[in-house]
Each structure stands twice: as C-alpha cells, then as structure tokens.
Amino acid sequence: MYATLIAVAALWGAATGLLIPRAAYRLSVEPDRRWRDTCPAGHTLAGPAGGWLGSPACRTCTTEAASPAPPAPPAPPGTAPTSRPATAPDTTTPGSTLDATPKSTPAPLRRPITAPLLTGLTCAALALATGPRPELVVWLLYAPFALLLATVDVRVHRLPDQLTLPLAAATPLLLAVAELLPYDGGSWLHALLGALALGGGYFALFLIHPTGMGFGDVKLALSLGAALGWYGWGVLFAGTFAGFLLGALYGLGLILARRGSRTSAIPFGPFMLGGALLGLVLGALSATP
C-alpha cells in the first residue's frame with residue numbers, strides 16, 4: 001500500500017482544489033461570454049496567470065473585509081447617543097444568518113472547502129488504485145480540471161471549450177509519453193481508439209437528439225474516451241455505462257422528489273466524469289504492468 005504516494009496525491013488534489021473556486025466563478029458565464037474579468041463587487045481579478053490563479057476572493061475584497069469599520073462621528077453636544085447600550089440583549093435567533101457572513105458579502109469572499117476535499121479524495125483514490133505507474137501522473141493532472149468542469153456544468157449547464165478542447169488534445173499526448181516509460185499499465189493505441197469511439201458515439205447521440213445532448217459533452221467524451229480506452233474496451237464500456245447510470249438515477253430522483261420531469265434538462269458532464277472515475281479505478285486495479 002503506497003502510503004506516501006497516496007498522501008502526496010491527496011495533498012496535490014487539495015492544493016489544486018483551492019484554485020478551483022475562482023476559475024469556476026470566472027468560467028460560469030453564458031455561452032456568448034468567454035469568462036468574467038471582475039468579482040461581483042466590480043473589482044478586476046488580478047494575480048498570477050492573468051488572474052486565474054489565486055484564492056476565491058479578489059485582493060480588494062479581501063482588504064475591505066479585513067479593514068475595520070471607521071468609527072462613528074461623535075454626536076453633537078447636547079444630543080442623546082443613538083447607539084445601542086452595551087447591555088442591550090442580543091435579538092439574534094439561534095441558527096439565523098445574522099450571526100454568519102453578512103448578506104452583502106460578495107460570494108468570492110467565502111472560502112469553500114468542498115473543492116479541495118473532493119479533489120484530494122479523488123486523487124487519493126486514483127493513487128490507491130493505480131500505484132506507482134506512469135499513467136498516474138496523467139490522472140492527477142486531469143483530476144482538478146475534471147472537478148472544475150463539473151462545477152461549471154452544474155452552475156450554468158455548459159462545458160467550456162477552454163477546458164474540453166485542451167484536454168482532448170493533451171490526454172492522448174500525455175498517455176503516449178506514459179507508454180514510453182516502464183511499468184505502464186495500458187495501451188496508447190487503445191487510448192486513441194477509445195477517444196475516437198466515445199467521441200463518435202456521443203456525436204451520433206448529439207445528431208440524433210441535439211436537445212438532449214450538448215456539444216460540450218461530445219468534446220468532453222474525447223478526453224474521457226482516451227483515459228478509459230487506455231485500460232481497454234471493457235473499461236471504456238464500464239465507465240461510459242456508469243456515467244449514463246448515474247445520470248439516470250439522478251433524473252429519477254428529481255422526478256420522485258417532484259423537482260423535475262422527464263423533459264427537465266440536467267448537467268450531464270458531472271455524471272460522465274463520475275462514471276469515468278469509477279471506470280479508471282476499476283481499470284487501474286485490474287491492469288497488469
């Protein structure tokens with residue numbers, strides 16, 4: 001059990017997961033926009049890599065939140081103080097939002113732990129299943145982008161070309177390098193054929209039912225097909241089937257909870273990525289270097 005490798009992978013996932021909230025906020029826009037350049041308060045997002053790397057809060061919002069409020073001006077002579085006495089009872093009810101972050105606080109000032117936690121757990125699971133094989137580097141590089149894609153798809157029901165197209169090109173290329181190294185557990189030819197097969201299959205579904213399958217799903221299928229195909233056709237089928245199964249169960253849950261109908265649109269990218277994760281874990285556990 002490669003404890004050190006798993007720990008390093010988990011730390012990598014947690015560290016990269018800290019960068020996801022800002023990128024997800026910037027990319028969660030309508031199709032006619034590329035990305036956001038400002039925070040909700042209107043401040044320009046600055047920082048390394050053109051403002052893409054950094055904490056969820058912009059520097060101006062962080063500074064304003066940390067700065068103490070200016071003292072109230074003194075009351076004119078002879079005027080009764082209007083401030084509440086120090087002994088006034090607290091009228092905040094338990095569990096209300098008044099004792100939490102003010103409603104006027106911009107969203108990027110919140111520091112969610114969900115992204116680093118999920119990315120860390122995903123990378124740890126991939127390291128546990130894959131072990132010290134060269135393709136693990138590819139999976140660890142892919143994982144933060146996968147969670148970023150899932151987050152954006154949940155928010156605005158789209159998978160940005162800025163992520164899907166580079167992943168479609170980079171995944172087969174990185175796997176080609178992995179095959180040149182010793183102890184790899186897959187086949188680059190199968191990865192290439194898997195990308196073509198899964199991408200072609202999703203493209204056919206898009207042509208048959210364009211309102212039920214977004215073209216972003218087709219582009220995402222190229223990189224997922226390469227990753228799943230690396231371990232063979234059985235893993236490719238299993239990961240694809242798992243994605244459709246997860247999506248169907250989610251849709252059924254919405255119908256049973258009366259929060260949707262059979263025609264309700266759902267973001268399918270997270271289920272594609274979740275099914276691919278299950279397929280990769282299965283394939284890595286069964287692979288023989």
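Heavy-atom minimum distance, Leu282 versus Ala238: CD2-CB, 4.2 Å. Residues Thr164 and Gly216 come closest through the heavy atom pair CG2-O, 4.2 Å. Here the closest heavy-atom approach between residue Ala168 and residue Leu222 is recorded as CB-CB, 3.8 Å.
For the pair Arg26 and Trp52, the distance from NZ or CZ to the six-membered ring centre is under 6.0 Å and the angle to the ring normal is within 45 degrees.
When the ring-ring contact (aromatic ring centres under 6.0 Å, His included) test is applied to Phe206, the partners found at least two apart in sequence or on another chain are Phe215. With sequence neighbours left out, the ring-ring contact (aromatic ring centres under 6.0 Å, His included) criterion links Tyr250 to Phe271. Considering only residues two or more places apart in sequence or on other chains, Phe244 meets the ring-ring contact (aromatic ring centres under 6.0 Å, His included) condition with Tyr202, Phe268.
With Thr130 contributing its side chain and Ala127 its backbone, the two residues share no donor-acceptor pair below 3.5 Å. Side-chain N or O atoms of Trp139 include none that pairs as donor or acceptor with a backbone N or O of Cys123 at under 3.5 Å. Within the 3.5 Å criterion, the main-chain N or O of Gly13 finds a donor-acceptor partner in the side chain of Thr16. No donor-acceptor distance shorter than 3.5 angstrom exists from the side chain of Glu135 to the backbone of Gly186, with no hydrogens or angles considered. In this structure a side-chain-to-backbone donor-acceptor pair under 3.5 Å is present from Glu179 to Trp188. The main-chain N or O of Ser28 is found under 3.5 Å from a side-chain atom of Arg36 such that the two form a donor-acceptor pair.
Counting only N and O atoms by type, the side chains of Ser223 and Tyr142 include a donor and acceptor under 3.5 Å apart.
In this structure, Arg158 does not pair ionically with Asp153, as no charged nitrogen and carboxylate oxygen lie closer than 4.0 Å.
Using a 4.5 Å heavy-atom threshold, the side chains of Asp184 and Trp230 count as touching.
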